[in-house]
Novice: 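Okay, handing you the structure first.
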Protein chains: 2
Amino acid sequence: MSDTRETLVNLAEDAMCTRGFGGFSYADIARDAGISKASIHHHFPSKQDLGLAVLVRYGERLVEQLALIGKSSRSGGQALAAIIDLYRAKAGSGGMLCLCAALSADAHAIDARARDALRRINNLVAAAIEEVLIAGRRDRSISVGGDPRSEAESILAMLQGAQLMTRVTGEPATFDAATAVLAARIYRT
Amino acid sequence: MSDTRETLVNLAEDAMCTRGFGGFSYADIARDAGISKASIHHHFPSKQDLGLAVLVRYGERLVEQLALIGKSSRSGGQALAAIIDLYRAKAGSGGMLCLCAALSADAHAIDARARDALRRINNLVAAAIEEVLIAGRRDRSISVGGDPRSEAESILAMLQGAQLMTRVTGEPATFDAATAVLAARIYRT
DNA sequence: GTCTATAATGAGATAGAC
DNA sequence: GTCTATCTCATTATAGAC
């Protein structure tokens, strides 16, 4: 990927997580990237193309991040704590949302390709959390009462919802409060 | 409130829950209401005024709804089930979000008055859920392990997040899956 | 309270030169 | 690949007649 193209994807991802798909314009990222609006159209003919490119790269990186967390964690509890931190970091950066939460809220504004990608990424994250819960139950580092897959989907919903609530108060503490119950389920890391 | 004014608030609320604050225009609801764009400005000089009016009425109605649920429920479990249904109904109606989730996602686009109202309403709902949990713990109809206030905030986050996830798949079953763990904590209604 | 008309702005997108 | 210039359209908002 060329430098310019990567810069544009970076800026667009940041803008989407902060203000949503409808909340930024080519003019915005053109200014930040130091090029003209027309030049962006050379790399991404339509805004939908740009959105999809951001989403695809986000999915790839997430796979890597989740794999790394799984590999470097010495317990399910440690892995779950790392995943919570992933979402907390976004919420703490001026009330950002993870890309999935941001684009889900703007689902009406994105095309079918992007919605498909979104669905896949949500499934991917839920599956990763499920594996972490299974590991945590096995090594007794996480309290897992019910079906791991159901628990995983609830946890993903909670993490995305906690980001939404944090955006309203502007206080990172809001995220911690809304996820305290989840953190308390980790016996040890 | 005049008929026209109320119609406009109704249409705007619906539009906001479906497409967000930035996702509808005066032209949209003018068409639906059968009046001109300019006439809306007579009732609500700016779009921010309209948004705030919708939010204020939403808060008032929510207080009534939550009071009614508290009064008509014969157990904490029944009350919690009714609250879950409240959020499920929106998610099931074509992937709508509750007004709080919708405007939280668009927090960058609304003014300080609206963000204040949003904060108050989130607190109000969390407090109502907390009371329900306390009642449910007392009458042994809900499993409540930790601090009721923390549990309440987690539940609110989970409900809003489940609506986000449901919007992506378009399947009401997604909401049920993401809240199955919560529903399972209700011993009886 | 409603209308038509219009302003003022910003959006995504295209053409064509360099 | 990048630019300037332009197009087309939608947006919020206002002016002023009825």
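Convention: sequence-line order gives letters A, B, ...; per-chain numbering from 1. If you're wondering where the values come from, they're calculated on a predicted model, not measured in any experiment.
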Novice: Can you establish whether the number of heavy atoms outside B:Glu131 located under 6.0 Å from its atom CD is more than 12?
Specialist: no

Novice: Looking at every non-hydrogen atom in both residues, tell me the closest pair between B:Val54 and B:Ala12 and how far apart they are.
Specialist: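 Answer, listing the atom of B:Val54 first, then B:Ala12: CG2-CB, 3.8 Å.
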
Novice: Restricting both atoms to N or O, compile the protein contacts to nucleotides 9-11 of chain C shorter than 3.5 Å, with distance only.
Specialist:
{"unit_1": "C:dA11", "atom_1": "OP1", "unit_2": "A:Ser25", "atom_2": "OG", "d": "3.2"}

Novice: So, do B:Arg167 and A:His108 sit near enough that their side-chain heavy atoms are less than 4.5 Å apart?
Specialist: yes

Novice: Rounded to whole Å, please give me the gap between CG in A:Asp49 and P in C:dG12.
Specialist: 13 Å

Novice: Considering all heavy atoms of both residues, which atom of A:Ala162 and which atom of B:Ala157 are nearest to each other, and what is their separation?
Specialist: N-CB, 3.5 Å

Novice: Under a 4.0 Å heavy-atom cut-off, which of residues 38-46 of chain A touch DNA chain D?
Specialist: A:Ala38, A:Ser39, A:His42, A:His43

Novice: Using a heavy-atom cut-off of under 4.0 Å over every strand shown, decide if A:Thr4 touches base, sugar-phosphate, or nothing.
Specialist: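 Sugar-phosphate, no base atom in range.
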
Novice: If we only count heavy atoms from C-beta on, is the A:Ile84 to A:Phe175 side-chain gap below 4.5 Å?
Specialist: yes

Novice: Within less than 4.0 Å of OP1 or OP2 of C:dT2, is there a side-chain N or O belonging to B:Ser36?
Specialist: no

Novice: Once side chain to side chain contact (heavy atoms under 4.5 Å, CB included) is applied, do any residues pair with B:Asp49, and if so which ones, sequence neighbours excluded?
Specialist: B:Phe44, B:Pro45, B:Ser46, B:Arg113

Novice: Do NZ/NE/NH1/NH2 and the carboxylate oxygens of A:Arg185 and A:Glu151 come within less than 4.0 Å?
Specialist: yes

Novice: Could you tell me if B:Lys47 sits above the aromatic ring of B:Phe21, with its cationic atom closer than 6.0 Å to the ring centre and no more than 45 degrees from the axis?
Specialist: yes

Novice: In whole Å, I'd like the distance from the CG atom of B:Leu50 to the C1' atom of D:dT12.
Specialist: 12 Å

